[in-house]
Amino acid sequence: MQPEHYDFDNALYLPVSEKTVNRLIASGEDKILDTLSNAELSAILVIQNLTEIYKNSKNHASEQILKKLIAWGNESASKKNTKRLLSETKRLLDLQKLKNGLSILSQAKIELLSDNLVEEAAYLLPNGDWDTTFRGRYFNLASSYRHQIVTPGNQELWLSDAQNMIVRTLQANTHEHLHIQGYAGIGKSFLISSLLNFLNLSKTVVLVKNTKKLNELKKRSKLEKFKLYTFEEFSFRLISNKVDRASLRNAYETKQYTNAEIARNLNISSVKELDENQVVSICMETINSYCLSDDYSLKDKHLPNIENYLSQIDRTALLEYSIRIWQSIDPSHIGPLALPFNGFSVVKKASLLGGSVHPSITHILIDESHDLPPSLLKILERGPQCLITLGDEYQRLTGKPTKRGLEVRQKEATQSVRTGKKMEQALNPLIYAHPNKLKLPFEGAKDTTLNIHHYDMANLPPPPTTILVASRWGMLLWFWSLHDSGHYASFMEDSAANFSQFAHDCLRLFRDNTPSTHSDLVHYPNWSLLSLDLSSDESFRAVERTLQNGYKIADLTTTFNKPGKSTENSYTLALAEEIGNMEFNSVIIANDLMPNSPPRDGYELDRRISTLYTAISRAIQELYLPIDIEEWLANYRVAGLYIPEKKSY
């Protein structure tokens, strides 16, 4: 078994530093070349012609060219013509071609060495020629996967330092509870499949949040068979021992009802200015909040924060309606309506019924445990099983992650195997700026390359690339901007329909106060209340100005019906909160993820940093920022927030 990001097609390491190349480009003066060695001059010529080399051959033809150039420079030097390679490099120097070559280094699997390594010249043979074994030698030194372990099943595992530490910890403490706080990109999913090699699969259960994650784990694991369930599936199995299975099956398979049908059957009426459809949606939101809590009953605190126009009597009515709907979701309840029983409702019901894991199971592993519902943790802690959780508290975007007890052994994994060293300069300022989470520095991988750039709206990187936004208001602004620039915008999976509903309902709410059941609009019976509530949101205010300037539904329909280019050559718009553990080669961080206005309190700062951390950490090769991270945080320091200076970490 090989690690998930392992690649035996080693990169070519060119003997020139990025600092040197950027200095040459910035100065525009070829006199900088006078100070460079034959190897560095040869590397610059390779970069300058990389676009053409890569187009014609992707099998490292560039190394052969590099080798010949260095040999030619050495041959010239032996004939007393010491400046021949230098003069040729000056004659051929083309800064635009050099920039173009730099931009495709990662695609061509080429990396640049640091200044120190360039100076050491370990890439040259004693006679000064290029050493073709350097690529493999340096890869082994720089590789994230340094540790080899042979499993009890006689399989070979290659692990990073952090992964090796965790596997060794499990081997030495097989029956102890364990929690692993692992930063983005440390290979948590691969680590789970590695840990399974040292456990009895017939007595081990792996739990994941959703089907998508389940399929991903199945694909990555080389094990033929193990017990793998989503939170919902696992809870369903526990309930089947306590509730009639026929009733359970019927409740799971029952049809979906519209909000109007639910309101009519359960005698739910409007509340204040909210119509019946909005009331049902708000009640569903309340029930979801309840299911994600460890409370035994529905309470006022589970209602969304909409006190600005509702009295306590109104809130009491919403809570009563929520209880009616929750009772109708219960498969054992007999009433006028039976609603579908699925999702986190199943987890909550299993917890309320006192569900516990059969003692024949000895180990339970949980991926993405920062999203573990407290009700499920309560179930798991009732049994004697050894519980191993892997998560990243920085990817918990709202509220606090479910915490394990102090008696649980804690381990931290900070070493990424997915993204390069430059990610450190993007994530570490965020880690140290967070009010209270883990403060160990993030470590980028030495054997992968990440490039960080800055962009503006007039100079976007070319598609395909993924644009991550903080809200649908920001998404709507980008959607308009891309359309106006002649670009095509696509969306993640099934989110296109959701965004279309949001955009159209937004215009209807603005034009004639038509109520919407969309999650971003459902709390507002009219545009005035929406505008008052979001008055400090820069993206919302920009959308509102556009609508006030006469933008109409007909304009929106025209934009959505625009003949599209191939989605393979488009910008993909996505909410940062919905991309979970996805990875993208190229990522643009939208400006609404780095707002200018300071947060109102520590909770909002927590949310902003965690959301930005999650978005940035999705990038594999190219990351585009609207502003430097340190510069952005400096604005918050000026506003009076305590955020450590760079010299503090």
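Quick note: residue numbers are just sequence positions, from 1.
- Contact detail for Val469 and Asp592: the closest heavy-atom pair is CA-OD1, 3.7 Å.
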- Item | Derivation of the salt bridge (charged side-chain N to carboxylate O under 4.0 Å, His left out) call for Glu111 and Lys421 | CA-CA 12 Å; Glu111 299 180 25; Lys421 297 291 289 181; over 6 Å; no

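- Counting non-hydrogen atoms of other residues, nucleotides and ligands closer than 6.0 Å to NZ of Lys19 gives a total of 12 or fewer.
- Annotation: side chain of Pro595 is in contact with side chain of Arg608 (closest heavy-atom distance under 4.5 Å).
- Side-chain atoms of Glu52 never come within 3.5 Å of backbone atoms of Asn49 as a donor-acceptor pair (strictly under, hydrogens ignored).
- Environment of NZ in Lys68: sparse, with no more than 12 heavy atoms of neighbouring residues, nucleotides or ligands closer than 6.0 Å.
- A tilted orientation is assigned to the rings of Trp478 and Tyr455, their planes being inclined by 30° to 60°.
- Atoms CG and CZ, from Leu573 and Phe499 in turn, are 7.0 Å apart once rounded to the nearest 0.5 Å.
- Formation of a donor-acceptor pair under 3.5 Å by the Asp30 side chain with backbone atoms of Lys90 is not found in this model.
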- Query: Do Arg396 and Glu393 pass the salt bridge (charged side-chain N to carboxylate O under 4.0 Å, His left out) test, and can you show the C-alpha distance, the side-chain angles, and the key distance before you say yes or no?
  - Reply: CA-CA 5 Å; Arg396 174 75 177 200; Glu393 60 184 6; over 6 Å; no

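- Across all their heavy atoms, Ile180 and Ala413 have their closest contact at CG2-CB, 4.4 Å.
- Here the shortest heavy-atom pairing between Ser586 and Thr465 reads OG-OG1, 2.5 Å.
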- Item | Intermediate values then yes/no, side chain to side chain contact (heavy atoms under 4.5 Å, CB included), Ile47 and Leu112 | CA-CA 10 Å; Ile47 297 172; Leu112 305 184; 3.9 Å; yes

- Query: What do the steps show when you test Ser471 against Ser539 for side chain to side chain donor-acceptor pair (under 3.5 Å), and what is the final call?
  - Reply: CA-CA 8 Å; Ser471 70; Ser539 296; 4.8 Å; no

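- Contact annotation: the side chain of Thr466 never approaches that of Arg618 to less than 4.5 Å [non-hydrogen atoms, C-beta and beyond].
- At a threshold of 4.5 Å between non-hydrogen side-chain atoms, the residues Arg607 and Glu577 do not count as touching.
- Atom CG of Leu41 and atom CG of Leu36 lie 5.0 Å apart (nearest 0.5 Å).
- Side-chain atoms of Arg84 do not come within 3.5 Å of backbone N or O of Trp72 as any donor-acceptor pair.
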- Message: I'd like to know whether Lys213 forms a side chain to side chain contact (heavy atoms under 4.5 Å, CB included) with Ser189, so could you lay out the CA-CA distance, the side-chain angles of the two residues, the decisive distance to 0.1 Å, and finally the verdict.
- Response: CA-CA 9 Å; Lys213 187 66 179 176; Ser189 298; 2.7 Å; yes

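- Under the 4.5 Å side-chain criterion, counting only non-hydrogen atoms from C-beta, Leu124 is not in contact with Phe134.
- Looking at Ile70 and Tyr123, their side chains never come closer than 4.5 Å, going by heavy atoms from C-beta outward.
- Considering every non-hydrogen atom in both Trp632 and Leu593, the closest pair reads CZ2-O, 4.2 Å.
- Atom OH in Tyr571 sits 5.0 Å away from atom CG in Leu460 (nearest 0.5 Å).
- A distance-only check finds no donor-acceptor pair linking the side chain of Asn164 to the backbone of Asp161 [under 3.5 Å].
- Shown here for Ser416 and Arg418, the closest heavy-atom pair between the two residues is OG-N, 3.0 Å.
- Under the 4.5 Å side-chain criterion, counting only non-hydrogen atoms from C-beta, Ile616 is in contact with Ile629.
- Across all non-hydrogen atoms, the minimal contact from Ile32 to Ser27 is CD1-OG, 3.0 Å.
- At a threshold of 4.5 Å between non-hydrogen side-chain atoms, the residues Leu170 and Ile166 do not count as touching.
- The closest side-chain donor-acceptor pair between Gln96 and Asn100 falls under 3.5 angstrom.
- Under the 3.5 Å distance criterion, the side-chain polar atoms of Ser481 are left unmatched by any main-chain donor or acceptor of Leu477.
- Here the side chain of Gln48 pairs no donor or acceptor atom with the backbone of Lys97 at under 3.5 angstrom.
- Ring geometry for Tyr183 versus Phe442: interplanar angle of 30 to 60°, hence tilted.
- Residue Glu119 places its CD atom among 12 or fewer non-hydrogen atoms of other residues, nucleotides or ligands, all under 6.0 Å distant.
- No side-chain donor from either of Thr614 and Gln395 sits under 3.5 Å from a side-chain acceptor of the other.
- Here the two rings, on Phe502 and Trp473, have centers that are under 6.0 Å apart.
- How far CG of Asn635 is from CD of Glu630: 11.5 Å, rounded to the nearest 0.5 Å.
- Using bins of under 30°, 30° to 60° and over 60° for the plane-to-plane angle, the ring pair Phe479/Phe560 lands in the tilted bin.
- For the atom pair Leu98 CG and Leu93 CG, the distance stands at 7.0 Å (nearest 0.5 Å).
- With hydrogens and angles left out, the side-chain atoms of Asn74 and Asn127 include no donor and acceptor closer than 3.5 Å.
- Rounded to the nearest 0.5 angstrom, Arg23 CZ and Glu29 CD are separated by 11.0 Å.
- Among Leu113, Val118, Ile110, the one residue that satisfies the side chain to side chain contact (heavy atoms under 4.5 Å, CB included) test with Leu14 is Ile110.
- Counting heavy atoms from C-beta on, the side chains of Ile467 and Leu482 come closer than 4.5 Å.
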- Test Glu578 against Arg472 for salt bridge (charged side-chain N to carboxylate O under 4.0 Å, His left out), laying out the working first. CA-CA 11 Å; Glu578 293 183 349; Arg472 288 187 180 84; 3.1 Å; yes

